[in-house]
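What you see is a predicted model; the values in this text were computed from it and never measured.
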Amino acid sequence: MAETAGSHELLLEPGAGRGALTLALAGTCARVVAYEIDPEHADRLAARARGHDRIEVVRADFLTARAPREPFAVAGNIPYSITSAIVGWCLRAPALTSATLLTQREYARKRSGDFGRWSRLTVLTWPGHSWELAGRVGRASFRPVPAVDSAILRITARPVPLLPSGRHDAWRAFVEEGFTGRGGSLHASLRGRYPSRRVDAAFARAGVDRDTVVAFVHPDRWLTLFELIC
């Protein structure tokens with residue numbers, strides 16, 4: 001996990017617990033800020049980190065943290081119950097370079113397109129962030145053994161976004177319309193909002209079958225359709 005997270009100047013760790021991952025992360029980063037809300041865990045983490053000048057322990061909920069203005073990464077074995085909230089926090093942080101998170105395997109597969117289909121969130125954020133399934137972690141690796149397997153999900157902020165900022169509102173409207181599911185396909189949904197001839201021509205040029213269900217259209221194809229239609 002620490003190797004997957006890579007090397008960074010500043011790294012934030014949500015849900016650090018007793019520091020099983022924190023010390024390893026500190027070996028690859030100039031500075032680690034570890035967030036832990038449980039007082040007992042935070043005390044044990046602080047004791048383990050004593051003498052490590054690269055580690056700062058913050059006794060607080062990561063979700064209440066203000067995102068740094070300088071470039072930073074996030075990495076952690078996060079509580080599964082708040083995975084969506086942590087992912088949302090990361091996506092809203094302008095200076096985030098990457099987030100490497102241990103999540104439920106099903107969540108990681110859904111967001112990364114590993115099932116062969118892509119979620120609304122993945123498509124919406126695709127111009128600014130890539131999503132990657134970086135590895136599987138079996139349930140037997142944990143004690144107590146959980147009911148599901150885990151996986152490493154890596155979200156990387158693109159150095160150069162695929163769309164200019166002035167196009168974000170139009171992109172959001174385009175994706176939201178596509179995911180309404182009207183007519184049972186992306187083609188049918190988009191024809192309800194945009195000129196039919198333009199939509200038909202865009203699908204032909206992009207090589208997307210008109211009957212393709214919304215979730216089975218790759219985000220890159222979404223971008224091509226957007227540029228042709230809008």
Legend entry - Criterion side-chain contact (heavy atoms from CB on, under 4.5 Å) on Cys90 and His129, from CA distance to verdict: CA-CA 11 Å; Cys90 292; His129 300 81; over 6 Å; no

Consider only side-chain heavy atoms of I, L, V, M, F, W and Y, link residues closer than 4.5 Å, and tell whether [X] and [Y] are in one cluster.
X: Leu63; Y: Tyr107; answer: yes
X: Phe62; Y: Leu101; answer: yes
X: Ile82; Y: Trp89; answer: yes
X: Val175; Y: Phe216; answer: no
X: Val214; Y: Leu225; answer: yes

Under 3.5 Å: donor-acceptor pair, side chain of [X], backbone of [Y]:
X: Thr97; Y: Phe72; value: yes
X: Arg54; Y: Ala26; value: yes
X: Arg69; Y: Ala95; value: no
X: Arg221; Y: Gly207; value: yes

Write down the atom of [X], the atom of [Y], and the distance for their closest heavy-atom approach.
X: Trp126; Y: His218; value: CZ2-CE1, 3.9 Å
X: Val57; Y: Ala49; value: CG2-CB, 4.3 Å
X: Leu45; Y: Gly19; value: CD1-CA, 3.4 Å
X: Cys29; Y: Leu11; value: SG-CD1, 3.7 Å
X: Glu13; Y: Thr22; value: OE1-OG1, 2.6 Å
X: Glu36; Y: Ala16; value: OE1-N, 3.4 Å

[Y] and [X], any side-chain heavy atoms less than 4.5 Å apart:
X: Leu133; Y: Arg109; value: yes
X: Leu21; Y: Leu102; value: no
X: Leu96; Y: Leu91; value: no
X: Trp171; Y: Leu223; value: yes
X: Trp118; Y: Val217; value: no
X: Phe179; Y: Leu124; value: no
X: Ser185; Y: Arg210; value: no
X: Trp131; Y: Leu121; value: yes

Inset, instruction - State which residues pass side-chain hydrogen bond (donor to acceptor under 3.5 Å, both in side chains) with Arg205; sequence neighbours excluded, sorted by chain then number. - result: none

Inset, instruction - From the options Arg191, Arg172, Arg182, select the one residue that forms a side-chain hydrogen bond (donor to acceptor under 3.5 Å, both in side chains) with Glu177. - result: Arg182

Inset, instruction - Quick one: do Ile55 and Leu23 satisfy side-chain contact (heavy atoms from CB on, under 4.5 Å)? Show the steps, please. - result: CA-CA 8 Å; Ile55 300 174; Leu23 299 183; 3.5 Å; yes

Legend entry - Check against side-chain contact (heavy atoms from CB on, under 4.5 Å), Leu186 and Trp222: CA-CA 10 Å; Leu186 177 59; Trp222 274 88; 3.3 Å; yes

Which distance, rounded to the nearest 0.5 Å, do you find between the [atom1] of [X] and the [atom2] of [Y]?
X: Asp114; Y: Arg117; atom1: CG; atom2: CZ; answer: 10.5 Å
X: Asp61; Y: Asp38; atom1: CG; atom2: CG; answer: 12.0 Å
X: Thr83; Y: Arg111; atom1: OG1; atom2: CZ; answer: 10.0 Å
X: Arg59; Y: Ile37; atom1: CZ; atom2: CD1; answer: 13.0 Å
X: Leu163; Y: Arg158; atom1: CG; atom2: CZ; answer: 10.0 Å
X: Thr103; Y: Asp149; atom1: OG1; atom2: CG; answer: 11.5 Å

Legend entry - Lys110 with Glu106: basic N within carboxylate O range, under 4.0 Å: no

Inset, instruction - Name the orientation class of the two ring planes belonging to Tyr194 and Phe174 (parallel below 30°, tilted from 30 to 60°, perpendicular beyond 60°). - result: tilted

